[in-house]
Every structure is written in C-alpha cells, then in structure tokens.
Amino acid sequence: FHEKLLEADIAAGTSEYSVDETYINSSFDEYKVYFNSKNSNDNVDLRLQLLLTTSASGAGSVIGSSVYSYETSAMGSASYGANNSSTYATISPITSGNGTGEGIQFEGVLVNVNDTTQCTAINGLGSNITTNGATGGFNFHAAIGTPATYGAYYCRGFKLYFGAGTFSGKIRVYGIS
C-alpha cells in the first residue's frame, strides 16, 4: 500500500527543495519518491542530502561534513560515479541538459528512516536527457557513509539541489506500508 503524502510543483528559480519531517517521520519506515526537474544551467549534476536527527520525533538537519556515500551507474555506457566521503550524494553519473525537452527524472525508495541499527539509504533509477538531447538511464544508491556514527540517527527528510543554477519541476512522495 502506498499513501500519497506530497505532490508539489517546484517553481522556476528554486535553488533547493527539501522534504521535511512533515512528510518523512515515524508514520512509515519506507517512502517512494518521484522527482522530475529541469535545471537553469546546462551540464550539471543533481545532488541529495539527508535530514538527520537523534530524536525520534524531532526535525532533521543536514550533516555538513563528508559523511555521504553514493554509487551511480549509467545503464548504457561505462559512466560511473562513486564516493564514500562526500558532503552530498550525486544521483546520476550523467549530467542533464537545460534545452527543450532536456532534464532529469528519478524514482527512488528511501529506507530505514526509523531504524537506528542501519543507516538510511535511498535506492532507485531514473533517466537524463543530456546537453545534446541524448537520453540515458541510470541506477543510484545514496546513504550516510559513516554508519558507526550516524547509523543510530533518524531520517526526517532530504534536500535536492543541482551543482549549479536553479530549477523547476515536480515531486511526489508516498509512504509505503
């Protein structure tokens, strides 16, 4: 069962979009996220940061140090991205374009948001329309890369933004039971 929690249009000129504890909380342990966006800048990457807290009922915040780990891979080429000590997670190894019809979209499952024995992670797949109009599919995984410290934290949301520029788009979030 999927319960729709959020469906929002993201206005042009947005520099970052956060989904907070209003939607990501103790109500569900897993969430499905759909995101579709067009950036104002050409050839930039989509980034994600988790909002974490030590309180089961509190609001989360971004951990500012190099604690993110991510892996991304293009489905049709040897384009990969990986890092175990970053200040953010990259969603796709392929940058997206900003021309007519170009952009990025993904669907992901956010897991372990209330489990203090495992780190929160988001796993999914998506597609990019790149700067030359070519399409490309990708897989991704993003998590906190320091489980000894942050495995006991609760996730209370996430922030999406691009490496440069502003964006517009649409987001939907569902609780999974």
Side-chain angles (χ1 to χ4, degrees), residues 2 10 15-19 24 29-52 62-113 115 118-151 153 155 157-174 176:
H2 291 64
I10 301 169
S15 59
E16 61 184 47
Y17 190 87
S18 293
V19 176
I24 309 296
D29 277 330
E30 295 182 348
Y31 295 83
K32 184 81 168 189
V33 178
Y34 295 94
F35 180 76
N36 184 346
S37 182
K38 182 182 196 84
N39 192 24
S40 64
N41 286 28
D42 213 8
N43 202 30
V44 294
D45 63 327
L46 177 62
R47 299 174 178 184
L48 175 135
Q49 292 174 312
L50 298 172
L51 306 179
L52 302 175
V62 170
I63 306 296
S65 56
S66 298
V67 298
Y68 291 92
S69 113
Y70 65 87
E71 291 188 28
T72 64
S73 64
M75 293 179 187
S77 70
S79 295
Y80 304 99
N83 194 324
N84 283 314
S85 181
S86 179
T87 56
Y88 58 86
T90 296
I91 297 297
S92 172
I94 309 163
T95 57
S96 58
N98 68 346
T100 301
E102 296 175 345
I104 186 172
Q105 42 280 311
F106 76 80
E107 64 177 85
V109 178
L110 182 67
V111 298
N112 301 330
V113 301
D115 186 342
Q118 296 186 58
C119 285
T120 300
I122 184 167
N123 306 293
L125 54 93
S127 64
N128 263 325
I129 311 298
T130 63
T131 57
N132 63 2
T135 62
F138 62 88
N139 299 301
F140 71 92
H141 164 79
I144 294 297
T146 51
T149 303
Y150 296 105
Y153 279 51
C155 178
F158 56 89
K159 177 173 78 169
L160 293 164
Y161 63 101
F162 284 87
T166 60
F167 63 98
S168 61
K170 187 169 195 75
I171 189 166
R172 289 178 288 147
V173 177
Y174 295 83
I176 302 172

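In what follows, residues are counted from 1 in the order of the sequence shown.
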For [X] and [Y], indicate whether the former's side chain and the latter's backbone hold a donor-acceptor pair under 3.5 Å.
X	Y	answer
Ser92	Ile94	yes
Tyr34	Lys170	no
Thr120	Asn112	yes
Lys38	Gly169	no
Asp45	Thr95	no
Ser40	Thr166	yes
Lys159	Arg47	no
Ser37	Ser168	yes
Gln49	Thr87	yes

For [X] and [Y], which heavy atoms make the closest approach, and how far apart are they?
X	Y	value
Gln105	Asn128	NE2-N, 4.4 Å
Leu125	Met75	CB-CE, 4.2 Å
Phe138	Ser127	CE2-N, 3.3 Å
Thr131	Ser96	CG2-O, 4.2 Å
Ser15	Tyr161	O-CB, 3.4 Å

**Item:** Atom pair CG (Asn39) and CZ (Phe167), whose distance is rounded to the nearest 0.5 Å
**Value:**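 Rounded to the nearest 0.5 Å, the CG-CZ separation comes out at 8.0 Å.
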**Message:** Rounded to the nearest 0.5 Å, what separates atom CZ in Phe162 from atom CD in Glu16?
**Reply:**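 Answer rounded to 0.5 Å: 13.0 Å.
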**Request:** If the plane angle is over 60° it's perpendicular, under 30° parallel, otherwise tilted; pick one for Tyr153 and Tyr150.
**Result:**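 Tyr153 vs Tyr150 ring planes: perpendicular.
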**Request:** For residues Asp29 and Asp115, determine if any side-chain heavy atom of one lies less than 4.5 Å from a side-chain heavy atom of the other.
**Result:**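 No, their side chains stay 4.5 Å or more apart.
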**Asked** Can you check whether Leu50 reaches Tyr68 side chain to side chain, under 4.5 Å on heavy atoms?
**Response**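 A side-chain contact under 4.5 Å exists here.
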**Item:** Heavy-atom neighbours of Glu71 CD exceed 12 at 6.0 Å
**Value:**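 No.
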**Asked** Are Phe106 and Phe35 close enough that their ring centres sit under 6.0 Å apart?
**Response**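 When the ring centroids of Phe106 and Phe35 are compared, they turn out to be within the sub-6.0 Å range.
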